[in-house]
Amino acid sequence: MRTSGDIPRTRHRDGDVAHFTNRLIFETSPYLRQHAHNPVNWYRWSDEAFDEARRRGNPVFLSIGYSTCHWCHVMEEESFDDLEIARFLNEHYVAIKVDREERPDIDSLYMTAVQALRGQGGWPMSVWLDADRRPFFAGTYFPARDGDRGAGRGFLSILQELAQMYGADVQRVAAAAESITAAVRAAMAGVASGKALPGTAVLDAAARYYERAYDEVDGGIRGVPKFPSSLPVRMLLRHHRRTGDVGSLAMAEHTLEMMAAGGMHDQLGGGFHRYSTDEHWLVPHFEKMLYDNALLTLAYAEAWQVTKRRDFARVVRTTLDYVLREMTAPDGGFFSATDADSEGEEGTFFVWREAEIRELLGPQADAFMRFYGVTRQGNFAGQNVLFVPHPDEHEWASLARAREILRASREARPHPLRDDKILTSWNGLMISALAVGGRVLAQPRYVAAAARAADFIIAAGGSDGRLQRSWKDGKASGPGFLEDDAFFVAGLLDLYAATFDQRRLAQALLYAERTESLFADREHGGWFRTADDHEKLVAREKPNQDGAEPGGGSVALLNVLRLHTITGNDRWRQIAERALLAHAPMLNEHPAVLREMLLALDYFTDEPREIVLVWPQGQSGPAAFIDSLRRTFMPNGALLGAPEGAELDALAQLAPIAGGKIALAGQATAYVCERGACRLPTTEPAAMAAQLDRSNCRSSF
């Protein structure tokens with residue numbers, strides 16, 4: 001597989017090979033290095049760049065994207081490799097490139113400006129700034145010249161007009177920059193804290209909203225494109241559990257079924273593409289993101305616990321197998337993404353012609369093509385995106401050899417570019433996915449991979465133990481952001497529940513404390529995205545929405561609720577309540593904007609249980625109890641376990657609820673507790689399950 005560290009020589013519009021090298025050649029970011037041979041004289045985001053703009057009296061052109069962004073590649077080819085455009089940029093601007101995945105703070109700040117000016121955003125992001133880093137004009141992708149792709153004004157014309165205005169009307173530019181910056185600051189600061197804690201009415205309102213927006217035919221939310229994150233399946237599973245609402249379960253189950261059957265799901269290699277370009281989940285945008293696959297794994301694993309559907313368990317396995325096979329670094333971390341393009345076209349690696357399949361499969365071709373919807377005319381530019389019109393688990397199993405033949409053949413094709421940087425936040429999500437998936441499906445190899453990745457993230461931290469944002473070629477990009485700490489703490493908590501390794505619980509507590517010291521808004525509650533020692537931008541964001549990735553504040557909130565249950569320390573509950581008050585207005589008025597925070601609100605309004613497993617020293621863990629718990633959907637609470645003796649005593653130091661517990665009559669024993677009050681201990685898994693079930697109207701782990 002070609003990685004993004006392999007920098008191809010770029011080409012001009014006339015096909016000549018470009019022979020330029022700019023200062024981005026010294027960067028480790030795959031996205032920045034992709035632009036190292038543009039004729040544009042790119043700078044990285046730095047004081048040097050803005051000092052140069054001030055010295056020359058020129059505006060700044062800021063371009064933000066990421067390495068697997070299709071339209072970023074298009075704009076590079078059309079504009080940034082164009083000699084005329086590059087010459088104008090170099091003479092009249094200071095041009096800056098930013099990798100949104102390495103600098104989410106910069107990305108979020110200027111995306112807020114783009115959305116304020118345009119009503120919507122996207123990548124590549126194109127922003128015009130003054131030397132004080134204030135935006136005065138912004139957009140996304142621009143065709144190179146007037147009339148290209150049906151555009152009225154092309155990128156070159158916009159550059160010329162704005163450069164002229166910047167030089168001729170300084171006051172107009174300054175007024176626009178100050179007005180836009182003020183709007184950005186207001187949007188990123190969030191609204192004033194609420195006066196009352198939100199309750200279950202918010203969860204019910206969210207469920208009603210999704211019911212109105214639901215696509216009853218294809219699942220998910222009506223409209224295109226279709227993102228898997230648009231319908232919060234995990235929230236709907238919790239709503240069903242709390243209320244018994246069969247509609248919430250039906251929406252979740254049908255959506256997962258349709259996504260798994262569609263072309264957005266890689267039917268040969270496992271894993272999911274980023275989104276569907278149509279309403280049927282059929283034709284994807286072919287890039288694959290680590291975070292999507294982590295979040296979808298969690299959704300399918302929880303749905304298996306609720307439904308016991310074999311196809312949901314299969315999707316968990318094939319997705320995690322894909323990650324271990326294709327997205328795992330030698331040192332245990334996980335790569336970020338793979339591109340949509342190969343051989344200069346989107347989707348080439350993934351699609352098939354009918355004749356290819358017939359040649360490879362011979363007599364089995366007809367059965368395979370019938371099952372995967374293959375036709376002579378195809379469904380994507382004359383070729384076929386594989387999908388499953390009529391899912392059948394038995395027939396799926398019978399085609400295992402055929403799938404492997406096609407997958408092996410596909411491996412011989414030129415691979416899409418892979419972004420091989422390692423992001424702490426996305427690794428935290430995948431650690432959760434592997435730990436939960438491994439525990440739920442009783443697959444130790446997934447849990448082992450999660451543990452190895454956690455060890456890598458910790459070992460690669462700063463000299464002070466500070467989590468870093470990303471690594472590439474052995475170099476860290478700098479201190480992490482809120483989502484890095486929050487997602488990693490969640491991964492450690494999930495890893496502890498899968499292993500009972502007390503180091504993981506101690507590590508989770510350590511990094512949760514650091515999250516508070518680095519990112520907490522001590523005045524109003526909640527968390528900032530940047531720490532006090534991060535670079536000061538023109539606005540400081542307090543995340544108040546969840547996108548394709550969860551917001552760091554949403555995950556941090558759920559973390560402190562889990563830690564309150566585990567430790568009994570009321571300080572964690574107080575932190576959670578202040579965060580909920582800070583976000584109460586948005587939760588009450590627009591709950592769908594904070595869909596990941598709804599998981600935390602479900603936890604907060606529940607009666608979380610503490611389940612403590614104790615077994616005699618020298619014996620292996622209580623397999624029968626663990627097997628019962630892995631099959632049970634209990635999203636809220638704590639699962640703790642240790643053998644009697646020193647390990648149990650050590651656990652009690654971290655989680656006092658474990659103190660004083662014994663293994664009855666020399667047998668593994670379960671204690672089901674609520675707020676420190678425990679029911680009668682039992683040595684029978686069925687009795688433990690009954691104790692949990694009797695409280696399941698609001699409940700449990």
Side-chain angles (χ1 to χ4, degrees), residues 4 8 10-13 24 29-35 37-38 40 42 61-82 85-86 89 95-104 106-108 110-111 113-115 117-128 137-159 224-227 264 273-278 283-289 291-292 336-350 380-381 416-419 547-549:
S4 52
T10 54
R11 293 183 180 273
H12 302 151
R13 301 174 82 210
L24 297 185
S29 160
Y31 176 64
L32 298 186
R33 287 176 65 84
Q34 285 173 9
H35 293 267
H37 295 297
N38 296 161
V40 176
W42 292 113
F61 172 70
L62 172 65
S63 177
I64 304 178
Y66 57 101
S67 69
T68 59
C69 165
H70 173 73
W71 286 100
C72 299
H73 301 331
V74 172
M75 192 164 179
E76 177 188 16
E77 182 178 334
E78 292 177 347
S79 293
F80 303 144
D81 281 338
D82 183 289
I85 292 175
L89 265 173
I96 297 177
K97 262 286 172 192
V98 167
D99 181 343
R100 67 173 294 259
E101 293 169 355
E102 284 199 344
R103 291 299 303 266
I106 297 171
D107 175 69
S108 183
Y110 293 108
M111 182 60 76
V114 172
Q115 291 169 332
L117 288 167
R118 298 279 172 170
Q120 60 184 4
W123 298 274
M125 193 193 314
S126 304
V127 190
W128 282 257
F137 189 80
T140 54
Y141 161 79
F142 293 101
R145 286 174 170 77
D146 298 353
D148 288 357
R149 298 183 184 270
R153 287 189 307 163
F155 182 56
L156 180 57
S157 293
I158 294 171
L159 287 173
V224 293
K226 279 187 124 130
F227 286 84
M264 198 187 76
H273 300 290
R274 186 164 173 241
Y275 62 84
S276 173
T277 62
D278 59 78
V283 177
H285 182 43
F286 288 91
E287 65 186 317
K288 286 184 177 180
M289 313 299 292
Y291 65 81
D292 281 326
S336 294
T338 53
D339 207 332
D341 300 1
S342 57
E343 302 181 73
E345 299 290 338
E346 183 174 5
T348 302
F349 181 76
F350 298 99
F380 178 76
L417 177 144
R418 182 175 63 198
D419 183 340
E549 302 171 52

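Computed from a prediction, not measured in an experiment: that's the story for all the values here.
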- Query: Taking side chain as C-beta onward, heavy atoms only, is His273 less than 4.5 Å from Asp292?
  - Reply: no

Among residues at least two apart in sequence or on other chains, which ones pass side-chain contact (heavy atoms from CB on, under 4.5 Å) with [X]?
X      : answer
Ala548 : Ser229, Tyr291
Val283 : Thr277, Asp278, Phe380
Glu343 : Thr348, Pro414
Ile158 : Trp128, Phe137, Phe142, Arg153, Leu162

Taken in chain and number order and not counting sequence neighbours, the residues that satisfy side chain to side chain donor-acceptor pair (under 3.5 Å) with Ser126 are none

Sorted by chain and number, sequence neighbours left out, side chain to side chain donor-acceptor pair (under 3.5 Å) with Ser79 holds for none

Closest non-hydrogen contact found for Tyr66 with Arg274 is OH-NH1, 3.1 Å

Closest non-hydrogen contact found for Ile64 with Asp107 is CG2-OD1, 3.6 Å

Quiz item: According to the interplanar angle, ranging from 0 to 90°, do the rings of Phe80 and Trp42 count as parallel (below 30°), tilted (30 to 60°) or perpendicular (above 60°)?
Solution: perpendicular

Between the CZ atom in Phe61 and the CZ atom in Phe155, the distance rounded to the nearest 0.5 Å is 3.5 Å

d(His37 NE2, Glu76 CD) to nearest 0.5 Å is 10.5 Å

Name all residues meeting the salt bridge (Lys or Arg N to Asp or Glu O under 4.0 Å) criterion together with [X]; count only those two or more places apart in sequence or in a different chain, and write none if there are none.
X      : value
Glu101 : Lys421
Arg103 : Asp105, Glu535
Arg118 : none
Asp339 : none

_I'd like to know if the side chain of Thr140 reaches the main chain of Gly122, judged simply by a donor and an acceptor atom lying under 3.5 Å from each other, with no hydrogens or angles considered._
no

Next item on the list: Answer yes or no: is there a donor N or O on one side and an acceptor on the other, between the side chain of Asp81 and the main chain of Asn38, under 3.5 Å?
Entry: no

For Tyr275, the ring pair (Phe, Tyr, Trp, His ring centres under 6.0 Å) test, sequence neighbours excluded, returns Phe227, His285

